[in-house]
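What follows is a set of notes on a single structure, which appears directly below.
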Amino acid sequence: MIDTAAIWGLTGTTVTSFMFLWAIYSQYVPRHLRSYIEKYVYKLLGWVSLYVHIKFTEYTEEGLKRSENYDAIRNYLSTNSAARALRLKADESKNSKALVLSMDDHEEVEDVFDGVKVKWHSNVKEIQTNSSSGRGNSGERRYFTLTFHKRHREMIIETYLEHVLREGKDIGLRNRERKLYTNNSSSEWYPWRSGKWSNVPFHHPATFETLAMDPEKKERIKKDLVKFSKGKDYYKKVGKPWKRGYLLFGPPGTGKSTMISAIANFLKYDVYDLELTTVKDNSELKKLLLDTKGKSIVVIEDIDCSLDLTGQRKSKKEEDDEDDDDEEKKKKDDEKKAKMEAEKQSKVTLSGLLNSIDGLWSACSDEKIIIFTTNFVDKLDPALIRRGRMDNHIEMSYCRFEAFKVLAKNYLEIESHELYGEIKRLLEETDVSPADVAETLMPKSDEEDADVCIKRLVKTVEEEKEKAKKLAEEEEKSKAEREERRRKKKEEKKKKEEEDKKKKTEEEDKKVQGSEVNGDLHDSNGTN
Ligand SMILES: Nc1ncnc2c1ncn2[C@@H]1O[C@H](COP(=O)(O)OP(=O)(O)OP(=O)(O)O)[C@@H](O)[C@H]1O
Ligand SMILES: [Mg+2]
């Protein structure tokens, strides 16, 4: 069938007469003759028309796969056509969180790029397909036609189309429903089962605005993220894979997991929450990482607990164990047992993890952030967290006044209070996690206003301060007791050693004396 959009270059009355001819042609000319005629008409149009037409179909040649370019163009035109076209179509795609308004079939919109005018036309064609049962089915195939003047051919093909596809893909990524993935155990790694990763829509509400931390630090992190996300060309230029590692460390409840959600929402990335204890070995780990998409964050939470990743440092530590008293030894034994349990389940090693982060990252898709979190940064092997692997080390600390102000604004919608001075002083002196502050600030009923919550916070922090003081005193006391025990043990050991030595010397003296007496006897016997 002749592509009607292909003759778009012709005007007014020509089009009307052509339509009349077209009706006669489709009714009276036999089908087998039409393909010949169409072939030559196309050739003729190519000679006389000043316009170039490019067709973008909804499905690939084989008809099986949806064309990514078609979707990108549709997204691109959705911003254009929503403003200009009169008939629009509301698409509700499975992976899109927003309604995509694209132009309806047989609509047309103009676009201007670098001062050059082009036209996009949306078309639909009836097709006959043969099903496996042998019966013919009819369906619709959609396509876009781009029309522009011959003299802009080079610019359109080389620059404009690249711009349209890039923009369209970006719009698609912005509109897509973001996902939170979690890894499955390898027994489920079949396409007809769950595959390597299961996912749910990612709807965590945390943002940098709601994250309580030092504002300057927050700005630095945001700038770093923006630079990374726009760094495609830079990373290519310096020959580095386009990835960045973040290490988030700090005590429990200081917002490490919240920060991950804030980063994901800020960059509009998916999140892959990698549970290392369900990964059997290094090869499984590599396969999992290779199966992650770009524009995503791979997270390994509590890396120190996931596996024994502390490497050789362990043996050095063991040497110091001798000085510990029984209580500490028991604690360490329990820790070791827990780690051995984890190792039994998973054989992922430190070097395996390092290889997966470094070696294969370059091979899998671009634009990826890997985040490790830990409560104990000192426990980690330096090889794991060196710059280049973990480029940015971020300490999430206890709630100080600046962070408190963010929480008060979020939870109580206040920016000042007469007790702010008191709170500032208390928070500088006392270590309270943002999680605790947030919980205290949250109104527990409709009767509780900001004043009640702020007073409760003052009380809570004062109590925490008292508790911390008592704990410090107790620790000091038990430390002194431990020192005393250690000193006594050493003294006893020394005393025992001295006694043993003395005993030994006495025994040796006795022996010498004995042998002298024997010698004398022998001598006297000999002379007899
Ligand atoms: N810096 C923060 N800003 C805002 N809210 C926070 C912050 N830190 C903690 N919270 C609040 O406390 C809760 C717990 O915080 P989160 O899970 O992020 O802590 P975490 O550092 O990951 O703790 P853990 O080390 O135990 O995993 C969050 O749901 C959030 O409401
Ligand atoms: Mg956490």
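Please read these numbers as outputs of a predicted model, since none were measured by experiment. Indexing begins at 1, ligand by ligand and atom by atom, following the structure's order.
Of the possible polar contacts, none joining the K405 side chain to the E415 backbone as a donor-acceptor pair under 3.5 Å is found.
Under the 30°/60° scheme for interplanar angles, the aromatic rings of F144 and Y70 are found to lie parallel. Ring-plane geometry between Y160 and W120 is classed as tilted, the angle between the planes lying from 30 to 60 degrees on a 0 to 90 degree scale.
Contact check for K169 versus D71: no side-chain heavy atoms found under the 4.5 Å cut-off. Taking 4.5 Å as the limit, some side-chain heavy atom of I263 sits within range of a side-chain heavy atom of L267. Between K467 and E462, every side-chain heavy-atom pair lies at or beyond the 4.5 Å cut-off.
Geometric assessment of K237 against the ring of Y234 yields a negative cation-pi assignment under the 6.0 Å and 45° thresholds.
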Does ligand 1 have any N/O atom under 3.5 Å from a protein N/O, and what are those pairs and their distances?
| unit_1 | atom_1 | unit_2 | atom_2 | d |
| --- | --- | --- | --- | --- |
| ligand 1 | 1 (N) | A212 | O | 2.8 |
| ligand 1 | 1 (N) | T254 | O | 3.4 |
| ligand 1 | 3 (N) | A212 | N | 2.7 |
| ligand 1 | 8 (N) | G255 | N | 3.1 |
| ligand 1 | 18 (O) | S257 | N | 3.4 |
| ligand 1 | 18 (O) | T258 | N | 2.9 |
| ligand 1 | 18 (O) | T258 | OG1 | 2.5 |
| ligand 1 | 19 (O) | G255 | N | 3.4 |
| ligand 1 | 21 (O) | T254 | N | 3.2 |
| ligand 1 | 21 (O) | G255 | N | 3.1 |
| ligand 1 | 21 (O) | K256 | N | 2.9 |
| ligand 1 | 21 (O) | K256 | NZ | 2.7 |
| ligand 1 | 22 (O) | S257 | N | 3.0 |
| ligand 1 | 22 (O) | S257 | OG | 2.8 |
| ligand 1 | 23 (O) | G253 | N | 2.9 |
| ligand 1 | 25 (O) | K256 | NZ | 2.8 |
| ligand 1 | 25 (O) | N375 | ND2 | 2.9 |

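Under the side-chain hydrogen bond (donor to acceptor under 3.5 Å, both in side chains) criterion, S185 pairs with S187, not counting sequence neighbours.
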Donor-acceptor pairs under 3.5 angstrom involving side-chain atoms of residues 420-432: please list them, not counting sequence neighbours.
| unit_1 | atom_1 | unit_2 | atom_2 | d |
| --- | --- | --- | --- | --- |
| E422 | OE1 | R425 | NH2 | 3.3 |
| E422 | OE2 | R425 | NH2 | 3.3 |
| E429 | OE1 | K465 | NZ | 2.8 |
| T430 | OG1 | L426 | O | 2.9 |
| D431 | OD1 | R400 | NH1 | 3.4 |
| D431 | OD1 | R400 | NH2 | 2.6 |

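Within the protein, the number of N, O or S atoms lying under 2.8 Å from the Mg ion (ligand 2) is 1.
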